[in-house]
Amino acid sequence: MEKIIISGGKTLSGKIRISGSKNSALPILAATLLSKNKIILKNIPNLSDSQSMLKLLESLNSTILQTKEFIKIKSGQPESCVASYNLVRKMRASFLVLGPLLARYSYAKVSLPGGCAIGARPINIHLECLKKMGVNFEIKDGYVIGKVEGLLKGAEIKMPFSSVGATENILMAATLANGQTVIKNAAIEPEISDLANFLNAIGAEIYGIGSRTLKIIGKKKLIGGKFSVMPDRIEAGTYILAVLGCKGKIKLTNLNIDLIKHLINIFSSISELHFKISKDKTMLEVLCMKRVKKNLKIKTDIFPGFPTDLQAQLMAAMSISDCKTKIEETIFENRFMHVQELIRMGADISLKGSNAIIVGKKKLNGAEVMATDLRASSSLIIAGLMADGLTTINRIYHLDRGYENLVEKLSSCCAEIKRI
Ligand code: UD1
């Protein structure tokens with residue numbers, strides 16, 4: 001089993017190129033099922049999650065060519081529209097093939113994703129909304145089987161909660177539906193806008209991109225095209241929090257101004273973090289030299305709030321500080337798996353329901369720890385970089401799901417980190 005070993009306590013300094021967004025790449029890859037034409041995608045991050053989605057597409061008769069610069073995909077008619085348990089259990093985002101398969105083939109059999117380390121994560125909203133478009137669902141032997149007579153019907157859909165995945169599934173389905181679909185209370189995460197822009201680039205007609213109301217005029221077919229996936233704001237946020245934890249100065253490149261503004265905004269209550277935007281607005285310099293002094297209260301929320309995907313990393317970074325930090329997790333019910341591991345490294349964290357209180361310490365100590373999910377793993381990386389002595393992180397396959405070249409990127413910023 002591979003491990004990561006970190007010799008902590010180094011100040012960070014250097015430049016990191018931010019990769020393409022995982023949470024944008026996965027739905028966009030699923031959306032290639034909507035067209036029979038050639039699609040060329042750039043800036044797809046080389047992650048195990050991207051490979052899992054590509055394997056799933058191949059199992060559905062897509063022909064895929066991967067090069068360093070781009071991925072070319074041509075989706076053929078599948079023998080059976082089945083996303084098997086073996087592929088879906090590895091990655092919940094596999095459930096995003098449901099909408100495209102129903103839209104194009106009027107049938108889909110997709111394994112139920114089940115719970116995961118961060119919570120139950122039901123799919124009721126996906127199914128309720130697709131039912132409004134004429135789909136009949138049956139749950140059998142651990143699979144969701146969806147059928148529709150002919151084409152999906154355009155519908156007016158008010159989402160009970162702005163679920164990211166459900167918005168994506170309905171949006172994709174609606175592009176080939178008969179008539180117009182309006183999605184109200186849609187999620188507005190930037191990755192959804194990226195998906196909508198991609199769909200428009202291959203012939204869809206979507207209006208209201210970036211707003212809570214999306215209007216989609218169904219088309220008879222979608223065409224081919226080229227698209228470059230947006231940068232990963234969670235990866236960028238993770239490196240910002242590494243600077244907050246370790247101190248130092250790094251430049252994050254390959255960003256865009258909207259993401260830069262969002263990142264500066266979510267960290268605005270931490271006055272010790274300083275930001276400088278490059279003239280061309282694609283690079284963000286992050287500087288932090290002092291420990292945080294003022295007590296902090298942060299609540300995770302849907303976009304544009306503080307992302308739940310950065311909660312664990314924030315907790316690690318704040319575990320060395322001169323203040324108390326209160327973090328409330330409002331999106332997932334069980335997203336505190338990293339806490340016990342951080343405590344083993346000397347952090348002072350107490351949990352009460354969905355709240356965590358972190359009392360800043362002067363130092364953390366290196367330890368052998370276990371990664372439990374993707375973002376929990378990156379919080380342990382940050383803690384290891386901050387701690388005195390050696391930290392060994394086990395089960396690092398979680399990190400490979402969401403961070404491209406993490407060890408290389410951090411090493412280039414003076415961190416002592418290696419994979420063995
Ligand atoms: C996506 C992201 C994930 C991020 C999350 C919240 C991808 C591949 N993953 O996950 O990294 O942490 O958004 O920003 O983009 N819910 C229901 N019923 C449903 C759907 C969701 O109750 O049918 C609940 C979930 O259990 C969870 C909350 O809604 O508590 C948010 O889930 P959702 O927005 O759907 O997140 P995902 O799309 O799973």
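None of these values were measured; they are calculated from a predicted model. Each ligand, and each atom within it, is numbered from 1 in the order the structure gives. All heavy atoms count here, side chains included; hydrogens, waters and symmetry mates do not.
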- prompt: Given P160, P307, P122, which has its nearest heavy atom closest to atom 20 (C) of ligand 1?
  reply: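 It is P122 that holds the nearest heavy atom.
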task: Only heavy atoms count here, so choose which of F161, F95, F303 is nearest to atom 31 (C) of ligand 1.
output: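 Looking at heavy atoms only, F161 sits closest to atom 31 (C) of ligand 1.
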Just checking, is any N or O donor in the side chain of [X] or [Y] under 3.5 Å from an acceptor N or O on the other one?
X: N394; Y: E368; value: yes
X: S278; Y: E285; value: no
X: S84; Y: N86; value: no

Number the atoms of ligand 1 from 1 as they appear, then name those within less than 4.0 Å of a heavy atom of [X], with their elements.
X: G165; value: 35 (O), 38 (O)
X: R335; value: 12 (O)
X: I331; value: 27 (C), 28 (C), 30 (O), 31 (C)

message: Below 30° counts as parallel, above 60° as perpendicular, anything between as tilted: where do the rings of F306 and F267 land?
response: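 Perpendicular: the ring planes of F306 and F267 meet at over 60°.
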query: Short N/O distance, under 3.5 Å, between I125 and ligand 1?
result: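 In this structure, I125 places an N or O atom under 3.5 Å from an N or O of ligand 1.
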field: Test of proximity, T308 against ligand 1: N or O pairs below 3.5 Å
entry: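 No, since none of the N or O atoms of T308 sits under 3.5 Å from an N or O of ligand 1.
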message: D400: which residues meet the salt bridge (Lys or Arg N to Asp or Glu O under 4.0 Å) condition with it, sequence neighbours left out?
response: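 With neighbours one apart ignored, the set is R419.
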message: Under 4.0 Å, counting heavy atoms only: does A166 come that close to any atom of ligand 1?
response: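 Checking ligand 1 against A166, which is what was asked, there is no heavy-atom contact under 4.0 Å.
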